[in-house]
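Below, each value reflects all heavy atoms present in this structure, side chains not excepted, and no hydrogens, waters or symmetry copies. The first residue of the sequence shown is numbered 1, and numbering continues consecutively from there. All of these numbers come straight from a predicted model, not from anything done at the bench.
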Amino acid sequence: MGFKLGLIAGAATGYVLGTRAGRERYVQIRDAFDTLMGSQTARHLEDGLRDAWDSAQQEWPGAATIGDVLGDR
């Protein structure tokens with residue numbers, strides 16, 4: 001019984017403390033992500049990945065696509 005009560009109390013404390021700092025931290029992470037995705041480096045990386053994906057599809061045309069794996073045929 002003591003373990004369960006301690007577990008519930010710990011979870012409740014973590015929830016309360018997490019929600020107090022949660023919104024500010026979420027906004028910080030979102031702003032950093034938006035800055036990163038808007039950078040020239042990220043666009044260059046995205047273009048390179050698209051080129052690599054196109055090349056792989058041409059080289060292995062029988063390979064499964066994500067739609068095949070998920071059943072979106």
Through direct or indirect side-chain contacts below 4.5 angstrom among Ile, Leu, Val, Met, Phe, Trp and Tyr, which residues connect to L36? none
Quick one: name the residues clustered hydrophobically with I8, using the 4.5 Å side-chain heavy-atom rule over I, L, V, M, F, W, Y, and just say none if it's on its own.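 Joined to I8, directly or through intermediates: none.
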Partner residues of R30 under the salt bridge (charged side-chain N to carboxylate O under 4.0 Å, His left out) criterion, sequence neighbours left out: none
Qualifying residue, where the test is side chain to side chain donor-acceptor pair (under 3.5 Å) with E46 and the options are R50, H44, R43: R50
State whether the side chain of S55 and the backbone N or O of D51 hold a donor-acceptor pair below 3.5 Å, judged by distance alone.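 Checked: no pair found.
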